[in-house]
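See below for the structure under consideration.
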There are 2 protein chains.
Amino acid sequence: MSQEGGVGDVDRAVGYVLKQAATVLRGAMDTALRPLGLTVSQYATLELLDQRPGSSVAELARAAFVTRQAMTGVLAGLQDAGWVSRPAVAPQGRALPATVTDEGRRRLREASVAVAGVQERMLAGLTPDRRERLLADLQECVAALEPGA
Amino acid sequence: MSQEGGVGDVDRAVGYVLKQAATVLRGAMDTALRPLGLTVSQYATLELLDQRPGSSVAELARAAFVTRQAMTGVLAGLQDAGWVSRPAVAPQGRALPATVTDEGRRRLREASVAVAGVQERMLAGLTPDRRERLLADLQECVAALEPGA
DNA sequence: TGACTCATGTCAGGATCCTGACACACTCGA
DNA sequence: TCGAGTGTGTCAGGATCCTGACATGAGTCA
């Protein structure tokens, strides 16, 4: 019972397990990154910025699924640490293109290895085929729920 | 390139898509629950409490992946709304067993249908087999990362 | 040129959650 | 019996993120 149009047992609800997985992963990343002096948000921002050099705060915020205000705070911390630099004046429009500094890139490389280890540990029990399928299914879920759909 | 021991393209990193899926799902649940006057946290707590009647704050907190303090705040809101009741004195030990009221159960039933709709929309593009596999894979990921592992 | 729209950066305020700490209640073993 | 260990509820403080709002710069079009 307790089915009749509802969600059913939470342990078998994809949404519940999805949040659980995201929470556990974030925790594992946090413990892996803490010794390196990086938060999960900072690492994610560095990784994004390394792959999209010259991004504005707004672009990074969208890529990291947070608001511009939140990303502004993260970027400020990264700038204070000397891992990210932004020009004082906008070269065009209002956007201030951010770039990873050499020191930031070194830090990112260490962090990236650590995070890759966590991801590998998470996926250790899955065959390459299953990993591909898992990724594809998650992307399908995202596409189905996105506002534009 | 940019592979060499690192994470690789973020769009193909399971962790990135996992967080994206969790974020999009939470947003969709929020818009679905808002008309019913429920937050996602409140709904999750009601659903958990309906399936585990008499749970304490600490038990609910563990089940919802938050701290006791956060769950205390959510429960206080639910009690103020009259959807959850707790005895004034602990019948045993210090734990105060919480239960969903009749009014709360009515509200939960509506919310559960709404959330089930969101989940169905998210999984619409997946066959039953793929849904089962997705659930199993996510559970595998959780088990592989859990502290006790 | 001027009005409109859109995107960006920023400020102010509030909501949510976390870490750290403390006191109380039960259980178990010396 | 009593002490340690565990689990629970709660308070205080801080960190992170969000909503709402505003001003600025660029592009579009009458």
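Order of the sequence lines fixes the chain letters, A, B, ..., with proteins taken first and strands second; residue numbering starts at 1 for each chain. A quick note: this is a predicted structure, and the numbers were derived from the prediction, not measured.
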Do the non-hydrogen side-chain atoms of A:Gln119 and B:Leu18 ever get within less than 4.5 Å of each other? no

Close residues, residues 73-92 of chain B, relative to DNA chain D [heavy-atom separation under 4.0 Å]: none

Among D:dT8, D:dT19, C:dT8, the one nearest A:Arg62 by side-chain distance: C:dT8

Can you list every stem that DNA chain D is part of, counting only runs of 3 or more consecutive Watson-Crick or G-U wobble pairs with both distances under 3.5 Å? C:1-30 with D:1-30

Closest approach of B:Asp11 and A:Gln139, non-hydrogen atoms and distance? O-NE2, 3.2 Å

Would you mind telling me which residue lines up with the more 5' stretch of DNA chain D, A:Gly93 or B:Arg34, judged by nearest nucleotide? B:Arg34

Which atom pairs, one a donor and one an acceptor, fall under 3.5 Å between side chains of residues 94-107 of chain B and the rest of the protein, sequence neighbours left out?
from	atom 1	to	atom 2	distance (Å)
B:Thr99	OG1	B:Ser85	OG	3.2
B:Thr101	OG1	B:Gly82	O	2.7
B:Thr101	OG1	B:Trp83	O	3.3
B:Thr101	OG1	B:Gly104	N	3.0
B:Glu103	OE1	B:Arg106	NE	3.4
B:Glu103	OE1	B:Arg106	NH2	2.9
B:Arg105	NH1	B:Asp50	OD1	2.6
B:Arg105	NH2	B:Val100	O	3.1
B:Arg107	NH1	B:Leu36	O	2.8

Does the side chain of A:Arg86 come within less than 4.5 Å of A:Val57's, by heavy atoms? yes

Nearest listed nucleotide, side chain of A:Gln69, among C:dT19, D:dT8, D:dG20: D:dG20

With salt bridge (charged side-chain N to carboxylate O under 4.0 Å, His left out) as the criterion, how do A:Arg133 and A:Glu140 come out once you've worked through the C-alpha distance, each side chain's angles and the decisive distance to 0.1 Å? CA-CA 10 Å; A:Arg133 191 143 31 200; A:Glu140 172 67 28; over 6 Å; no

Pairwise side-chain contact, B:Glu132 with A:Arg12, heavy-atom cut-off 4.5 Å (strictly under): yes

Over how many whole Å does the gap from A:Arg26 atom CZ to D:dA15 atom P extend? 16 Å

Residue-phosphate contact under 4.0 Å: A:Thr72 side-chain N/O, C:dG9 OP1/OP2: no

Dump the intermediate steps for side chain to side chain contact (heavy atoms under 4.5 Å, CB included) on B:Gln42 and B:Thr39, then the final yes or no. CA-CA 5 Å; B:Gln42 286 178 330; B:Thr39 67; 3.2 Å; yes

Polar pair under 3.5 Å, donor/acceptor by atom type, side chain A:Arg68, base C:dG9: yes

Rounded to whole angstrom units, what separation is found between the CG atom of A:Leu96 and the P atom of D:dG25? 12 Å

To the nearest angstrom, how far is B:Met71 atom CE from D:dC11 atom P? 17 Å

Round to the nearest Å and state the distance from B:Lys19 atom NZ to D:dC17 atom C1'. 10 Å

OP1, OP2 of C:dC17 versus side-chain N and O of B:Ser41: anything below 4.0 Å? yes

State whether a side-chain donor-acceptor pair under 3.5 Å links A:Tyr16 with A:Gln20. no

One pair to check against salt bridge (charged side-chain N to carboxylate O under 4.0 Å, His left out): B:Arg34 and B:Asp30. What are the steps and the verdict? CA-CA 6 Å; B:Arg34 189 177 302 272; B:Asp30 192 75; 2.4 Å; yes

Check: D:dA23 base within 3.5 Å donor-acceptor of A:Arg94 side chain: yes

